[in-house]
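Values below: all heavy atoms of this structure, side chains included; hydrogens, waters and symmetry mates excluded. Computed from a prediction, not measured in an experiment: that's the story for all the values here.
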Amino acid sequence: QCMHVIAEQQYDIEQRQADIARREADIAKQKDAILALRSDLDSGKQYVSYAGRSFSADDVRQDLARRFDRFKVAEDTLSRDKEVLSAHRQALAANEEKLDNWLAVKKELAVKVENLEMRLTRVRASEAVSDL
């Protein structure tokens, strides 16, 4: 059961890591787009063209403000998700340690059982000899 829990946690961590990596790439793209818009605004032009369409500096400024707000929210969310991932990793490490301890105890008990079986065999052999 513990091994099953560990396997589930490992899968969950892998999925979270992949999601975080994807979102980091998305945030990097957002940052590049924001910097490009900022650069266009800093050029001092009244109108800026994107994909064949012309936009006023005010429109670009408003779009930049919205994008920056979404960017900050995405960064904050990513930061919290990284903290959650770290907590999941700590839980996984604790469960792996618990499993290692249980396996060590199991091996120790198996050795004790084997020793008791050997003692029982000797006792039975002694009884057989004494009966003779």
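Under the 4.0 Å criterion applied to side-chain N and carboxylate O atoms, Arg124 and Glu127 are not assigned as salt-bridge partners. Lys82 and Glu24 are joined by a salt bridge, as a carboxylate oxygen and a charged side-chain nitrogen come within less than 4.0 angstrom of each other. A salt bridge links Arg61 with Asp58: the distance from a Lys NZ or Arg NE/NH1/NH2 to an Asp or Glu carboxylate oxygen falls below 4.0 Å. Ion pairing between Asp19 and Arg16 fails under the 4.0 Å rule for side-chain N and carboxylate O.
Closest approach of Ile20 and Asp81 over heavy atoms only: CD1-O, 3.9 Å.
Of the possible donor and acceptor atoms, one in the side chain of Ser126 sits under 3.5 Å from a partner among the backbone N and O of Arg122. The backbone N or O of Glu75 sits nowhere less than 3.5 Å from a side-chain atom of Ser79 that would complete a donor-acceptor pair.
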Is there a side chain to side chain contact (heavy atoms under 4.5 Å, CB included) between Lys31 and Arg67 once you walk through the steps? CA-CA 9 Å; Lys31 183 178 181 180; Arg67 286 178 186 236; over 6 Å; no
Does the pair Lys72 and Asp76 meet the rule for a salt bridge (charged side-chain N to carboxylate O under 4.0 Å, His left out), with working shown? CA-CA 6 Å; Lys72 293 305 285 178; Asp76 291 342; 5.5 Å; no
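Asp59 and Ser56 share a donor-acceptor pair across their side chains, judged by distance under 3.5 Å alone.
The closest side-chain heavy-atom distance from Asp40 to Lys45 is not below 4.5 Å. Under the 4.5 Å side-chain criterion, counting only non-hydrogen atoms from C-beta, Val48 is in contact with Tyr50. Side-chain contact between Val60 and Tyr47 is absent, with no heavy atoms from C-beta onward closer than 4.5 Å. Looking at heavy atoms from C-beta onward, Phe55 lies out of side-chain contact with Asp63 at the 4.5 angstrom threshold. Using a 4.5 Å heavy-atom threshold, the side chains of Val73 and Asp69 count as separate. Glu96 places a side-chain heavy atom less than 4.5 Å from the side chain of Gln10. Contact check for Leu120 versus Leu116: no side-chain heavy atoms found under the 4.5 Å cut-off.
Glu108 CD to Leu103 CG: the interatomic distance, rounded to the nearest 0.5 Å, is 13.0 Å. Rounded to the nearest 0.5 angstrom, Glu14 CD and Gln17 CD are separated by 7.0 Å. Arg66 contributes atom CZ, which lies 12.0 Å from atom CD1 of Ile34 (distance to the nearest 0.5 angstrom). Distance check: Leu109 CG to Glu114 CD gives 13.0 Å after rounding to the nearest 0.5 Å.
In this structure, Phe71 places its CZ atom where more than 12 heavy-atom neighbours from other residues, nucleotides or ligands lie under 6.0 Å away. Residue Gln15 places its CD atom among more than 12 non-hydrogen atoms of other residues, nucleotides or ligands, all under 6.0 Å distant.
Taken together through direct or relayed side-chain contacts under 4.5 Å among Ile, Leu, Val, Met, Phe, Trp and Tyr, Leu35 and Leu41 form parts of separate hydrophobic clusters.
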Between side-chain atoms of residues 1-9 and protein atoms elsewhere (two or more places apart, or another chain), which donor-acceptor pairs fall under 3.5 Å?
unit_1 : atom_1 : unit_2 : atom_2 : d
His4   : NE2    : Glu8   : OE2    : 2.8
Gln9   : OE1    : Asn95  : ND2    : 2.9

